[in-house]
Each structure stands twice: as C-alpha cells, then as structure tokens.
Amino acid sequence: MIKKILLILIIAITIIPNNSFAVKKTAFKNVPIVVEARQLIYDKNKHTAIYIGNVIVQHDRITITGDKLIIYFDKTGKIIEKVEMIGNVVLKSDQGNGKCDRLEYYPAQEKIVLIGNAELKKGKNVIVGDRIVAFKNGNVIVEGIKQKVKTIIFPGEAINATVK
C-alpha cells in the first residue's frame, strides 16, 4: 500500500505544473493577471470580482478557462485571498494540462485544488481523481470519493521529479 501511495505521489509530482510555481515570488508578482469574460460584477462590500461567461485567465504562461470566475480580495482590496473558477475548467501550462468542474487557488498557501472529475496530464502520463490538491513544494493529495483514483504511467516518459 505504501509503495502504491509513493508511486502515485511521484507520478503526480511529474504531472502537476510544479515549475509554474517555482518562479520567484517577486518576479511572478510583477506579471499581470489578464481576465476576459462577457460580464464583470464587482462588489466592493463583499470584496469580490465575479466574471461570467467564457472566462479566460492568463498569468505568465498559465491559461485557465471556465464558465465563472470569482476573485476574493482582502479588506484592502489589494491582496487576492482566493480565486475560484467554476464550470468546464481547463488549465494549460508549459508543465502540463488539467481539467475539472471547479478549481480553487489559494495564493498565500501556494495551493491549487481541482474538484470534481479532476484530471492532470503531463505528456502521456495522467492522474485522475475527484479532488486533486497540489502544493508549490510538489506535494500532492489525490482523493477518490465517487470514483477510484487512477494513474496512467507510460514507461519511457521523462520524469522531472526529485524525491526527498
């Protein structure tokens, strides 16, 4: 059982767009986030920005698309506490691609959560689960609630992970 968990973790580390987090915070912070949608509703009292309809988010070399995006700001309105993309979510980056029903990003925790029919791919390798939690440090948690966790590993595919 432990060997299976370790293998899933090693594969997940190679699939998660881990290097997209590896950019220095200051350099990454200065890269603008570009959001496009059919509609924007900004609520100053709730500290939220809601984008609806064919939402496209681009940040550095990461693109996320979906039906609805909610950005939660702190009380100052300057710091993003949480980002949530809902409906038909697709994640594309140089390090791999993913899809899910809902994606949550927590900048302070440097954590991305793919929820509902979650799938991550790198090359031919694939990891599937109901919920995939990926951290900057490469740690990954994959949960199968309604379905079993599934990993497809192709021998010979490059593995860019270091296990410590």
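For the pairing with Val142, the side-chain contact (heavy atoms from CB on, under 4.5 Å) check across Val133, Val128, Leu114, Ile127 returns one residue only, Ile127.
Ile33 is connected to Tyr51 through a chain of hydrophobic side-chain contacts under 4.5 Å among Ile, Leu, Val, Met, Phe, Trp and Tyr, so both are in one cluster. Tyr105 and Leu69 end up in the same hydrophobic cluster when Ile, Leu, Val, Met, Phe, Trp and Tyr side chains are linked at under 4.5 Å.
Contact annotation: the side chain of Val90 never approaches that of Asn97 to less than 4.5 Å [non-hydrogen atoms, C-beta and beyond]. With a 4.5 Å cut-off on side-chain heavy atoms, Val113 and Arg131 count as touching.
Lys121 and Glu119 make their closest contact through CE-OE2, 2.9 Å (heavy atoms, listed as atom of the first residue, atom of the second, distance). In terms of heavy atoms, Pro32 sits closest to His59 at O-CD2, 3.4 Å. The shortest non-hydrogen separation linking Met85 to Asp67 is SD-N, 4.4 Å. Scanning both residues, Phe73 and Glu81, for their nearest heavy atoms gives O-OE1, 3.9 Å. For the pair Ala118 and Cys100, the tightest heavy-atom approach, listed with the atom from each and the gap, is CA-CB, 4.0 Å. The shortest non-hydrogen separation linking Pro107 to Ile80 is CG-O, 3.5 Å.
The hydrophobic cluster containing Ile41 also includes Ile50, Ile52, Ile70, Tyr72, Ile86, under a criterion of side-chain heavy atoms closer than 4.5 Å among ILVMFWY residues, counted directly or through chains of members.
Taking CD of Gln58 as the reference point, atom CD of Glu36 lies at 6.5 Å (rounded to 0.5 Å). Here Arg38 contributes atom CZ and Leu40 contributes atom CG; the two are 15.0 Å apart, rounded to the nearest 0.5 Å. Note that the CG atom of Leu120 and the CD1 atom of Ile132 stand 4.5 Å from one another [nearest 0.5 Å]. Here the CG atom belonging to Leu103 is positioned 9.0 Å from the CD atom belonging to Glu84, to the nearest 0.5 angstrom.
In terms of the side chain to side chain donor-acceptor pair (under 3.5 Å) criterion, Asn54 has no residue partners (sequence neighbours excluded). Residues that satisfy the side chain to side chain donor-acceptor pair (under 3.5 Å) test with Tyr42, not counting sequence neighbours, are absent from this structure.
Judged by distance alone, the side chain of Asp60 and the main-chain N or O of Ile62 form no donor-acceptor pair under 3.5 Å.
More than 12 heavy-atom neighbours from other residues, nucleotides or ligands sit within 6.0 angstrom of NZ on Lys82.
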